[in-house]
Participant: 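Below you'll find the structure I mean.
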2 protein chains.
Amino acid sequence: MLTKKQFAALEKESRNWLPGHSIDCVVLGFDGKLRVLLLKRVHSDKWALPGGFINKNEHLDDAARRALKDRTGLKTIYLSQFHTFGAFERRGKTEVDKTIQQLVSLNQHLANWFSQRFLTTGYFAFAEINKAHPEPDFLSEKCEWVDLEKIPELIFDHRDIIQKSLDYIRLRINFLPFGKTLLGKKFTMSELQKLYESILNKELDRGNFQKKILKMNFLYRHDKLLTGAANKAPYLYSFNKKRYDELTKEGIGYI
Amino acid sequence: MLTKKQFAALEKESRNWLPGHSIDCVVLGFDGKLRVLLLKRVHSDKWALPGGFINKNEHLDDAARRALKDRTGLKTIYLSQFHTFGAFERRGKTEVDKTIQQLVSLNQHLANWFSQRFLTTGYFAFAEINKAHPEPDFLSEKCEWVDLEKIPELIFDHRDIIQKSLDYIRLRINFLPFGKTLLGKKFTMSELQKLYESILNKELDRGNFQKKILKMNFLYRHDKLLTGAANKAPYLYSFNKKRYDELTKEGIGYI
DNA sequence: CCAATAGTGTCTGTGAGACAGTATGCT
DNA sequence: AGCATACTGTCTCACAGACACTATTGG
């Protein structure tokens, strides 16, 4: 339960929000698997996407950036809008929002706020997992990177939102700088390949992948990475960001 | 100026609208050139996209469909959302909406309605020009198909909205059924090519275009079209809609 | 016949995909 | 040496793009 003081602060903040509209962010990270940032809601078994409301004098995109900053501490994250969800009953007729019910039922203004019909605009973002500092919001008790293959039950239409973001990303794979934004400074070719495979959701031929990527000429090759394993050591690579940005603008050719 | 009765009806209608959000439609047609459906506003030199507001119990998509039906009489039009425009001051700091100023300044409720900050969700649609029956709305005196190359001055950020829709359409050209929706039942290969050229905004090689399109096997060939011109008569084609729908789903290969 | 446009064929370069061959780090 | 993985090369097939050739309509 929120304290009286927290209630007051929240209520005050809420009076500066644009009614009827929210933003939700599908924040993706990669550590061998694609992961999405989710919040475990209090007083409920369900999870939710990080999101927020729009201040009355704030650009929609800035509201999304602000939500990301609050949830991950990251400012320079890649962020892009993909769809606005406008169903009349986004929550489903039988679904009850237990978190809200328990949290704000005592405050009439906030209870009204959360019982509005909301349109929500979906944004997706790419972040480096080990640079982010996940931080729950006032509706949640945990904020974690969850394997995209093992998504728990989500509130409202948040599963649809994730699905739609993935469809969108796959379609634009040639125009999105996910390499630069999801991998660390240096990485091996097989890490890059695994990233592409995760996003495209299919296996790629090792030799052809390497040939194709190297020919595009956006990677620097560095020293080998000695892992201690009994096999040939892979080279480390990093992005030539200028060249990579050019390519993603005109459409890097992976599909 | 609206009559008292019209005012009353409009005010009543407006009380059922979701505040703060509108939809705008970029309706494209093709008759050798790409054209967009625009409304000439009353008491102003500016033009505007057809748009509307969302009823409180209506899906966002349905609001767009309704606007299209009202402006064109068409129900079975191809329609898709592409972006939500969320700048704080979409209208520009110095721009005055003369239409609204003159039309509704006497009705406090409507004046308030139109002075809100609006987010707007952009939809684009494809329509056959000669099937549509353009109909102005209460803010406008004309509703016309305007050459995309000769767009007059538009209100607010409507020019950006058109630009963004075109960017979006070009990117998805392989997934959009614009052939089926923009051309008539039967058409020549050079009409189809001109359509592709208009959308891609570049010239294509005649021979290669024909080869490529025919190989994809989504066209039926019919009788020749005798135009009376002193040259070889072109064949007429029509779509095998089943095959065409399959192809647009998986991505017809034009780029 | 000619002019104009439509339709088809040919050549070349590029690149994707399958797969084989070579290289190297460690035990 | 042997294993595991990384890197590179080769072959084939398909197709995009440039362009030439043939076909047809009406003057």
Side-chain angles (χ1 to χ4, degrees), chain A residues 32 170 173-174 179 183-184 186-197 199-239 243 247-248 250-255, chain B residues 32 170-171 173-174 179 183-184 186-240 243 247 250-255:
Chain A
R170 280 185 195 122
I173 187 165
N174 286 336
L183 295 173
K186 293 186 179 182
F187 49 89
T188 65
M189 190 57 75
S190 89
E191 284 173 330
L192 184 61
Q193 183 180 342
K194 279 206 189 86
L195 174 55
Y196 268 88
E197 288 178 333
I199 291 179
L200 292 171
N201 206 20
K202 67 173 179 188
E203 294 194 356
L204 302 170
D205 180 274
R206 215 164 39 82
N208 295 333
F209 181 82
Q210 170 131 345
K211 238 188 315 177
K212 196 157 162 182
I213 294 290
L214 287 182
K215 193 190 295 189
M216 287 192 268
N217 209 30
F218 60 74
L219 291 184
Y220 295 121
R221 179 177 279 185
H222 302 280
D223 290 342
K224 292 183 181 180
L225 172 69
L226 300 176
T227 57
N231 53 39
K232 182 172 177 180
Y235 289 108
L236 285 170
Y237 296 89
S238 67
F239 283 96
R243 172 94 178 117
L247 278 173
T248 47
E250 67 190 54
I252 196 173
Y254 211 86
I255 270 198
Chain B
R170 280 185 196 121
L171 198 61
I173 187 164
N174 287 336
L183 296 172
K186 293 186 178 181
F187 48 89
T188 65
M189 190 58 76
S190 90
E191 285 174 328
L192 184 61
Q193 184 180 340
K194 278 204 190 88
L195 174 55
Y196 268 88
E197 288 178 335
S198 302
I199 291 178
L200 291 171
N201 207 20
K202 69 173 178 187
E203 295 194 355
L204 303 171
D205 180 272
R206 209 169 44 82
N208 295 332
F209 181 81
Q210 171 130 344
K211 238 187 316 176
K212 197 158 161 181
I213 295 289
L214 287 182
K215 192 190 296 190
M216 286 191 269
N217 208 31
F218 61 73
L219 292 183
Y220 295 119
R221 179 177 279 185
H222 302 280
D223 290 342
K224 290 183 179 179
L225 173 69
L226 299 175
T227 58
N231 53 40
K232 181 171 178 179
Y235 289 108
L236 285 171
Y237 297 89
S238 67
F239 284 96
N240 175 338
R243 173 92 177 118
L247 278 173
E250 69 189 54
I252 197 172
Y254 212 86
I255 271 195

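As the structure is a prediction and not an experimental result, all values here were calculated from the model. Throughout, protein chains are lettered first and strands after them, A, B, ... in sequence-line order, and every chain is numbered starting at 1.
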Participant: Kindly say whether Met216(B) contributes a backbone atom to a donor-acceptor pair with the side chain of Arg243(B) at under 3.5 angstrom?
Facilitator: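 Flag set: sc Arg243(B) to bb Met216(B) pair under 3.5 Å.
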Participant: With a 4.0 Å cutoff (strictly under), does any side-chain N or O of Lys215(B) reach OP1 or OP2 of dC15(D)?
Facilitator: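 Affirmative; the distance criterion is met.
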Participant: It should be established whether Lys232(B) places a side-chain nitrogen or oxygen under 4.0 Å from OP1 or OP2 of nucleotide dA4(C).
Facilitator: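 Answer is no, no contact under 4.0 Å.
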Participant: Figure out the CZ/P separation between Phe209(A) and dA18(C), and round it to whole Å.
Facilitator: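 After rounding, the gap between these two atoms is 15 Å.
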Participant: At less than 4.0 Å, is any side-chain N or O atom of Gln210(A) found next to OP1 or OP2 of dT8(D)? Yes or no.
Facilitator: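 Yes, Gln210(A) has a side-chain N/O under 4.0 Å of OP1/OP2 on dT8(D).
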Participant: Send over the distance from Asp205(A) CG to dC13(D) P, rounded to a whole Å.
Facilitator: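 Between P of dC13(D) and CG of Asp205(A): 18 Å.
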Participant: Whole angstroms only, please: what is the NZ-P distance between Lys212(B) and dT8(C)?
Facilitator: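 Answer to the nearest Å: 17 Å.
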Participant: To the nearest Å, how far apart are Lys211(B) NZ and dC15(D) P?
Facilitator: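 After rounding, the reported distance stands at 11 Å.
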Participant: Please compare Arg221(B) and Asn231(A) by the position of their nearest nucleotide in DNA chain C and report the one closer to 5'.
Facilitator: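 Closest to the 5' end, via its nearest nucleotide, is Arg221(B).
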Participant: Select base, sugar-phosphate, or nothing to describe what Gly228(A) touches, counting heavy atoms under 4.0 Å on all strands.
Facilitator: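 Gly228(A): backbone/sugar contact only, no base atoms under 4.0 Å.
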Participant: Can you figure out which of dT25(D), dA6(C), dC7(D) approaches the side chain of Pro234(B) most closely?
Facilitator: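 Output: dA6(C).
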Participant: Expressed as a whole number of angstroms, how long is the span from Lys224(B):NZ to dG7(C):P?
Facilitator: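 One finds 8 Å between P of dG7(C) and NZ of Lys224(B), rounded.
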Participant: Take Ala230(A) and Arg206(A), find for each the nucleotide of DNA chain D with the closest heavy atom, and name the residue whose nucleotide sits nearer the 5' end.
Facilitator: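 The residue closer to the strand's 5' end, by nearest nucleotide, is Ala230(A).
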Participant: Could you tell me whether the side chain of Glu191(B) and the main chain of Thr188(B) form a donor-acceptor pair under 3.5 Å?
Facilitator: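 Looks like yes, one N/O pair under 3.5 Å.
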Participant: Grab the CG-P distance between Leu219(A) and dC7(D) for me, whole Å please.
Facilitator: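 Atom-to-atom, Leu219(A) to dC7(D), this comes out as 12 Å.
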Participant: Rounded to the nearest Å, what distance is computed from the CD atom of residue Gln193(B) to the C1' atom of nucleotide dG17(D)?
Facilitator: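 Distance, rounded to whole Å: 13 Å.
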Participant: Going by the side chain to side chain donor-acceptor pair (under 3.5 Å) test, name the single residue among Lys186(B), Arg221(B), His222(B) that passes it with Tyr237(B).
Facilitator: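 That would be Arg221(B).
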Participant: For the backbone of Leu204(A) and the side chain of Glu197(A), can you confirm whether one donor and one acceptor N or O come within less than 3.5 Å of each other?
Facilitator: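 Checking the backbone N and O of Leu204(A) against the side chain of Glu197(A), a donor-acceptor pair under 3.5 Å is found.
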Participant: May I ask you to check whether Phe187(B) and Phe239(B) place their ring centers less than 6.0 Å from one another?
Facilitator: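 Yes: the rings meet the under 6.0 Å criterion.
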Participant: Does the side chain of Ser190(B) get closer than 4.0 angstrom to OP1 or OP2 of dA6(C) through an N or O atom?
Facilitator: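 For Ser190(B), the contact criterion (side-chain N or O under 4.0 Å from OP1 or OP2 of dA6(C)) is met.
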Participant: What integer distance in Å separates Asp223(A):CG from dG25(C):P?
Facilitator: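 So the CG-P distance, Asp223(A) to dG25(C), works out to 12 Å.
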